[in-house]
Amino acid sequence: MPAVTVENPLTLPRVAEPGQGTVARKVLGVVDAPAGFEGEGFPVRRAFAGIKYQYLDPFIMMDQMGEVEYAPGEPKGTPWHPHRGFETVTYLIDGTFVHQDSHGGGGVINGGDTQWMTAGSGLLHIEAPPESLVVSGGLFHGLQLWVNLPASDKMMPPRYQDIGGGSVQLLSTPDGGGLLRVIAGELDGHKGPGITHTPITMIHATVTPGAQITLPWREDFNALAYVMAGRGTVGAERRPVQTGQTAVFGDGGSLTVRADASQDSHAPDLEIVLLGGRPIREPMAHYGPFVMNTRAELQQAFDDFQAGRLGVIPAAAHAHTGLGHRGAGPAED
């Protein structure tokens with residue numbers, strides 16, 4: 001980690017530090033991400049478990065997939081499953097994933113790439129490692145983020161964006177201590193390639209040991225920070241964080257992250273994902289692979305799925321369709 005990098009961050013455009021008088025966001029809390037398994041059994045950390053939806057909105061959930069070194073024959077994916085009412089963002093750091101849907105879409109995601117799927121009115125979808133990776137084994141590591149859609153967009157036609165690692169906006173902090181990958185949204189006037197229906201910012205930051213980054217942050221967005229690897233602190237108050245923890249920030253116009261001077265050999269830098277979005281502030285009903293506004297809409301989604309209105313598995317596919325995918329279980333806020 002990471003897949004997209006540069007030898008000298010100081011060759012990149014630099015993000016200006018917030019001006020004097022900018023209110024720094026305080027840390028409201030730090031939460032541990034419990035470990036679990038997804039799909040056919042690949043390991044995940046559930047980054048948002050235990051965080052109230054009012055602090056996540058418009059984000060629904062995020063899984064850190066791996067980091068895992070598979071032996072030959074071990075790589076796993078997910079079976080065919082439906083989605084409706086939100087967007088999935090799959091950011092692959094190491095490895096390869098093949099995805100396919102019932103609308104004829106699909107492709108290959110490699111290290112550094114992002115696949116952005118707007119499920120909208122609904123489709124069937126599958127994600128799996130390629131046969132070559134199953135045979136050889138190898139390193140697999142990534143994130144999957146779910147972003148809610150407002151009621152007005154929940155039944156829009158499905159859409160894909162394949163964002164190659166080379167198109168990600170790379171930035172540096174003034175002293176070169178932080179390498180910032182803007183996947184979606186905007187930071188200090190620099191835009192990432194992801195096109196979002198719900199306004200968000202998604203950044204993967206690498207902070208070198210002992211370095212501190214203070215970034216401007218939209219005041220109408222929330223702010224979350226998830227540690228994929230390493231140790232450090234968040235906020236001006238220097239609240240400790242480490243691998244597998246999520247920090248929730250309060251209001252303000254800037255946020256601060258600092259890497260500890262000493263890191264582990266297997267994680268030489270602090271690797272952290274920074275997320276912000278404009279809250280939708282609508283009722284949210286979530287069950288398994290569907291995210292709607294009401295229980296009646298959830299029931300309609302199940303009815304439409306069972307009736308085949310979300311699509312059918314292509315004849316060439318031989319995997320089964322399942323509902324036990326990512327967050328299966330009722331959760332309504």
List for me each residue that meets side chain to side chain donor-acceptor pair (under 3.5 Å) alongside [X], sequence neighbours excluded, and say none if there are none.
X: W116; value: E87
X: N110; value: T96
X: D113; value: none
X: R45; value: none

Of all residues at least two apart in sequence or in a different chain, which pass the side-chain contact (heavy atoms from CB on, under 4.5 Å) check with [X]?
X: P240; answer: none
X: P216; answer: V15, P18, L187, D188
X: A211; answer: V207, T208
X: S136; answer: L133

Enumerate the residue pairs fulfilling salt bridge (charged side-chain N to carboxylate O under 4.0 Å, His left out) with a member in [range], sequence neighbours excluded, ordered by first and then second residue.
range: residues 12-36; result: none
range: residues 235-248; result: none
range: residues 219-236; result: R218-D220, D220-R278, R231-D260, R231-D264

key: Contacts of F48 that satisfy ring-ring contact (aromatic ring centres under 6.0 Å, His included) - sequence neighbours left out   = none
